[in-house]
*Asks:* 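Just passing along the structure, written as C-alpha cells.
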Number of protein chains: 2
Amino acid sequence: MAVAPSVYGPRASTALPGHQLRKEKGVSQEAFAHQIQIDRSYFGSIERGERNVSLDNICLIAAGLGVPPSELLRFDAVRDVEPARVDE
Amino acid sequence: MAVAPSVYGPRASTALPGHQLRKEKGVSQEAFAHQIQIDRSYFGSIERGERNVSLDNICLIAAGLGVPPSELLRFDAVRDVEPARVDE
DNA sequence: CTGTGACTTTAAGTCCGTC
DNA sequence: AGACGGACTTAAAGTCACA
C-alpha cells in the first residue's frame, strides 16, 4: 500500500517535507497551525507522518508555507537531500 | 477553504491533471482504476474534480501513471497550458 | 511548544446499479 | 467508455485534555 519511500516517518506517503520548510520560516507548529486555521495537534500529527492527509489540506499547508502544492510532494527531491542517513 | 484555482471542475484542489496523462497512455478509467486497485466509479469522480483525494491515493495514481506524485499537483503548470478559456 | 490517546463527526472510498 | 446515483463501510477530519 505504501508508495513513497519512508524517509521521514512510519507512514511514508504522508510525511511531508513541510517540517523543514516551516522551520526555515522560524514558525512553531502552534503558530503555523493557527495561521492556516487547523488544529495544532492535528497539524503536528501530519508533520510526524502519522496521517494520510487529503489534497485540500496539502494545498492549505502549501499556501501557508508560500510554496506550490507540488513542492510538498517532492519525496524524490527530499531523498536527494537526505540520503537515508541513520547516523549523524 | 478552496486553495487552488478552479480550472477543471467545481472542486478546485481535487481536480488532478491525471486526466490528460491517462488519456495519453490510451487507458480507460475503468482499466486504470482496476490497475491501481481503486473503484472505477470513485476514480471517475476524482478526475471530475469532485473529490478531496487523500495523499495515499494521489501517490497510487501517480505510480500508476508512471510520474512522480508532485507531477499531479501542478495546478500552476496546468494553468499555463489551459488559461481559463471558456470559448473554444 | 509539542506528543499522544480518546473521542465524535464528516467525508473518503467501495460496491452495486442505471443511463 | 464514462457519468451518475444509492447504500454502505472505513478512514480522515477535526477537537480536546493531559502529559
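Lettering follows sequence order; numbering is per chain, from 1.
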*Asks:* In whole Å, I'd like the distance from the CG atom of Leu55(B) to the C1' atom of dA12(D).
*Replies:* 12 Å

*Asks:* So, taking the atom named CD1 in Ile46(B) and the one named CG in Asn57(B), what distance separates them when rounded to the nearest 0.5 Å?
*Replies:* 6.0 Å

*Asks:* To the nearest 0.5 Å, what is the distance between OG on Ser70(A) and CD1 on Ile58(A)?
*Replies:* 11.0 Å

*Asks:* Mind running a 4.0 Å heavy-atom check of residues 30-37 of chain A against DNA chain D and sending the residues that fall below it, in number order?
*Replies:* none

*Asks:* Could you state the atom-to-atom distance from CD of Glu47(A) to P of dC1(C) in whole Å?
*Replies:* 14 Å

*Asks:* Do the non-hydrogen side-chain atoms of Leu73(A) and Leu55(B) ever get within less than 4.5 Å of each other?
*Replies:* yes

*Asks:* So, does Asn52(B) use its side chain to make a donor-acceptor pair with the main chain of Asp56(A) at under 3.5 Å?
*Replies:* yes

*Asks:* Which residues pass the side chain to side chain contact (heavy atoms under 4.5 Å, CB included) test with Ser41(B), not counting sequence neighbours?
*Replies:* Asp39(B)

*Asks:* Please confirm whether the shortest side-chain N or O distance from Arg48(A) to OP1 or OP2 of dG3(C) is below 4.0 Å.
*Replies:* yes

*Asks:* Mind calculating the distance between CD (Glu50(B)) and P (dA12(C)) to the nearest angstrom?
*Replies:* 11 Å

*Asks:* How long is the line joining CZ of Phe43(B) and P of dC4(D), in whole Å?
*Replies:* 16 Å

*Asks:* Check Cys59(A) against Pro69(A) and note the closest heavy-atom contact, atom names and distance.
*Replies:* SG-CG, 4.0 Å

*Asks:* Ignoring backbone atoms, establish whether Ser54(A) has a side-chain N or O less than 4.0 Å from OP1 or OP2 of dA13(D).
*Replies:* yes

*Asks:* Name the residue from His34(A), His19(A), Lys23(A), Glu47(A) that meets the side-chain hydrogen bond (donor to acceptor under 3.5 Å, both in side chains) definition with Gln29(A).
*Replies:* Glu47(A)

*Asks:* Compare side-chain N and O positions of Asn52(B) against OP1 and OP2 of dA11(C) and report whether any pair is under 4.0 Å apart.
*Replies:* no

*Asks:* Which nucleotide, dA3(D), dA13(D), dG3(C), lies nearest any side-chain atom of Asn57(A)?
*Replies:* dA13(D)

*Asks:* Taking only nitrogen or oxygen atoms into account, show me every contact under 3.5 Å that the protein makes with nucleotides 15-19 of chain C, one pair per line with its distance.
*Replies:*
| unit_1 | atom_1 | unit_2 | atom_2 | d |
| --- | --- | --- | --- | --- |
| dG17(C) | N7 | Arg40(B) | NH2 | 3.3 |
| dG17(C) | O6 | Arg40(B) | NH1 | 3.0 |
| dG17(C) | O6 | Arg40(B) | NH2 | 3.0 |

*Asks:* Whole angstrom is fine here: how far is it from CG in Asp56(A) over to P in dA13(D)?
*Replies:* 9 Å

*Asks:* Taking side chain to side chain contact (heavy atoms under 4.5 Å, CB included) as the test, write out the residues that go with Gln35(B), two or more places apart.
*Replies:* Phe32(B)

*Asks:* Identify the pairs formed between an N or O of the protein and an N or O of nucleotides 6-8 of chain C at a distance under 3.5 Å, and give each distance.
*Replies:*
none

*Asks:* Is the shortest heavy-atom distance from the side chain of Leu65(A) to the side chain of Leu72(A) under 4.5 Å?
*Replies:* yes

*Asks:* Under 4.0 Å, heavy atoms only, any strand: does Ile38(B) hit a base, just the sugar-phosphate, or nothing?
*Replies:* sugar-phosphate

*Asks:* Go through the steps for Glu30(B) and Arg40(B) under the test side chain to side chain contact (heavy atoms under 4.5 Å, CB included), then give the verdict.
*Replies:* CA-CA 5 Å; Glu30(B) 221 164 6; Arg40(B) 66 173 167 80; 3.8 Å; yes

*Asks:* Figure out the CD1/P separation between Ile46(A) and dA12(D), and round it to whole Å.
*Replies:* 11 Å

